[in-house]
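Shown next, in structure tokens, is the structure this report addresses.
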Amino acid sequence: MALASVLLSRVLTPAQQPKPIRLSMMPAQDVVPVAFAFEQGIFSKHGVNIELVCGGNALERNTAFLSEQLDALAIDLTSAVLLLGRQAPAAIVGTVFEPAPDPRHNNSTVRTVAMLAHKFSGYRSVEDVIKSGPKRQITLVQPSDMEYLTDTLLQAKGVKARDLDQYYTGVEDFDKIQLIAQMLGAGTAGVQVAVLPEPHATLTEVVAEANNIEILTLSDYKGIATPPSVLFFSRHILQERGETVRKFFQALRESITVLNGSSRDFIIDTLIRVGVNVCFPELRGQELKFPEGWRERLRVPYFPMPRALRPEEFEALVTWALGKRYIREKIAFAAATDFRFLG
């Protein structure tokens with residue numbers, strides 16, 4: 001797990017310096033506004049001392065959070081529900097990202113996740129995968145919102161709930177996403193179909209095509225409600241530093257406003273720069289090489305403002321997690337959420 005090495009804060013003596021809020025996030029486009037606010041000093045401007053911990057290993061992240069080594073998480077809704085199922089003393093305080101219509105481009109919504117297959121797999125549609133029978137041919141992160149979406153997709157096409165897992169080769173951590181993408185893009189037998197988030201899905205397509213390997217989109221999950229990613233704060237931070245959490249959201253809104261008012265190239269450059277500075281500091285100063293045509297193909301999302309999670313969104317994930325036996329008992333929405341700090 002990479003730890004951001006520079007903490008942005010006001011100039012205070014050690015005795016006055018407030019303890020930083022340690023927030024863990026995945027290196028994904030969902031958290032670009034959070035990383036941008038950190039990198040540009042927007043959190044510091046609002047008086048929020050924050051430390052970002054970047055990594056996709058769920059076991060390490062959850063262990064650190066439950067042992068109070070982390071104060072907050074920016075995670076998919078499934079991960080939040082599973083932590084609540086483990087009696088984590090925490091609450092969902094708002095959304096951090098969700099696919100949203102872009103008013104700058106005729107209210108279109110860009111793809112945020114896709115089920116892809118390479119040409120050697122023989123699959124040309126989701127129906128082809130289903131007709132071939134459950135052979136663990138779909139590689140994805142389990143458990144995750146991507147699994148929830150894929151379960152929903154397959155069941156809508158007639159797959160029985162009891163058979164779903166037989167179609168999956170599951171990996172536990174988001175930090176395996178890049179390896180999965182590379183194997184799919186190389187046309188290997190080990191990964192024939194994969195569910196990938198953006199920007200990994202588009203980069204896989206571009207790299208594969210440069211190597212004359214055709215990548216087919218089996219589904220972009222249109223018509224299926226994508227759960228929002230959420231901000232998950234420990235109860236002790238909410239109780240002891242509620243005003244700081246309120247300022248955190250003020251800073252996040254400012255960051256989103258700046259990004260949404262900027263050019264496409266600015267957002268792409270920001271995504272790369274903050275990814276290096278915050279998540280991969282070992283790459284600073286190195287020349288980063290990307291496949292030809294990647295910038296034109298990259299899907300740049302519109303970043304919506306944080307909001308309160310809706311009860312039906314939460315309850316849908318809880319019901320699904322119960323059915324998958326990821327949690328043992330129902331979780332009450334009111335007990336799992338706290339939206340006082342959204343403003």
Side-chain angles (χ1 to χ4, degrees), residues 1-8 20-44 46 48-83 88 90-98 112-113 141 144-146 172-178 197-200 226-234 237 244-245 248-249 251-256 259 267 270-283 301 303-306 309 341:
M1 208 184 270
L3 175 64
S5 61
V6 179
L7 304 181
L8 301 176
I21 292 176
R22 303 190 76 232
L23 185 147
S24 174
M25 64 182 198
M26 295 176 292
Q29 66 180 13
D30 297 25
V31 294
V32 168
V34 175
F36 182 68
F38 174 85
E39 187 215 33
Q40 294 294 307
I42 299 174
F43 283 129
S44 179
H46 286 267
V48 179
N49 188 13
I50 192 163
E51 177 181 340
L52 296 185
V53 179
C54 194
N57 187 297
L59 177 60
E60 292 180 3
R61 177 199 66 206
N62 294 347
T63 299
F65 186 75
L66 292 170
S67 62
E68 299 186 358
Q69 296 175 51
L70 292 170
D71 302 308
L73 309 173
I75 49 177
D76 66 332
L77 184 52
T78 293
S79 296
V81 167
L82 267 58
L83 278 165
I92 297 169
V93 296
T95 62
V96 66
F97 180 80
E98 61 189 313
T112 56
V113 63
V141 176
S144 69
D145 286 359
M146 291 183 288
E172 293 184 357
D173 295 316
F174 282 88
D175 56 10
K176 299 292 194 301
I177 287 288
Q178 187 57 41
E198 291 292 352
H200 298 281
T226 302
S229 300
V230 296
L231 289 159
F232 194 61
F233 275 67
S234 67
I237 290 291
T244 299
V245 178
F248 172 94
F249 278 109
L252 182 58
R253 285 192 176 87
E254 180 177 333
S255 176
I256 290 170
L259 288 170
I267 295 172
T270 296
L271 190 153
I272 297 168
R273 188 183 64 256
V274 300
V276 169
N277 288 341
V278 177
C279 291
F280 305 104
E282 68 275 9
L283 297 179
F303 297 102
M305 292 294 175
L309 188 69
F341 311 98

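Counting begins at 1 with the first residue of the sequence.
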Identify, with sequence neighbours excluded, every residue that meets side chain to side chain contact (heavy atoms under 4.5 Å, CB included) alongside Ser255. Pro33, Phe36, Ala37, Ile42, Leu259
Parallel, tilted or perpendicular, judged at 30° and 60°: which one describes the rings of Phe43 and Phe248? parallel
With sequence neighbours excluded, residues passing side-chain hydrogen bond (donor to acceptor under 3.5 Å, both in side chains) with Thr112: none
Does the ring centre of Phe232 sit less than 6.0 Å away from the ring centre of Phe65? yes
Using the side chain to side chain contact (heavy atoms under 4.5 Å, CB included) definition, which of the options Val93, Asp71, Leu73 pairs with Phe233? Val93
Report the residues that fulfil side-chain hydrogen bond (donor to acceptor under 3.5 Å, both in side chains) with Asp145, sequence neighbours left out, ordered by chain and then residue number. Thr78
Do Phe97 and Pro304 have side-chain heavy atoms sitting under 4.5 Å apart? yes
Kindly say whether Ser79 contributes a backbone atom to a donor-acceptor pair with the side chain of Asp76 at under 3.5 angstrom? yes
Interatomic spacing from CG in Leu23 to CD in Glu51 - rounded to 0.5 Å: 10.0 Å
Pairwise distance CG(Leu231) to CD1(Ile92) - rounded to 0.5 angstrom: 10.0 Å
Sequence neighbours left out, what passes side chain to side chain contact (heavy atoms under 4.5 Å, CB included) with Glu172? Give chain and number order. none
Quick check for you: to the nearest 0.5 Å, what is the distance between Leu77 atom CG and Leu309 atom CG? 5.5 Å
Identify, with sequence neighbours excluded, every residue that meets side chain to side chain contact (heavy atoms under 4.5 Å, CB included) alongside Met146. Val113, Val141, Ser144, Phe174, Ile177, Val195, Pro197
What are the two closest non-hydrogen atoms of Val31 and Ala74, and how far apart are they? CG1-CB, 3.7 Å
Could you walk me through whether Met25 and Val96 satisfy the side chain to side chain contact (heavy atoms under 4.5 Å, CB included) test, starting with their C-alpha distance in whole Å, then the side-chain angles of each, then the deciding distance to 0.1 Å, before giving a yes or no? CA-CA 11 Å; Met25 64 182 198; Val96 66; over 6 Å; no
Hey, what do you get for OG (Ser234) to CD1 (Ile21), rounding to the nearest 0.5 Å? 8.5 Å
Tightest non-hydrogen contact, residues Pro306 and Arg253, listed as O-NH2, 4.0 Å
Results of side-chain hydrogen bond (donor to acceptor under 3.5 Å, both in side chains) for Asp30 - residues two or more places apart only: Ser229
Applying side-chain hydrogen bond (donor to acceptor under 3.5 Å, both in side chains), can you list everything that pairs with Glu68, at least two apart in sequence or on another chain? none
At their closest point, which heavy atom of Glu98 faces which heavy atom of Pro228, and how far apart are they? CB-CB, 3.8 Å
The reported gap from OG1 in Thr63 to CG in Asn57 (rounded to nearest 0.5 angstrom) is 8.5 Å
Could you give the distance from CZ (Arg22) to CD1 (Ile50), rounded to the nearest 0.5 Å? 11.0 Å
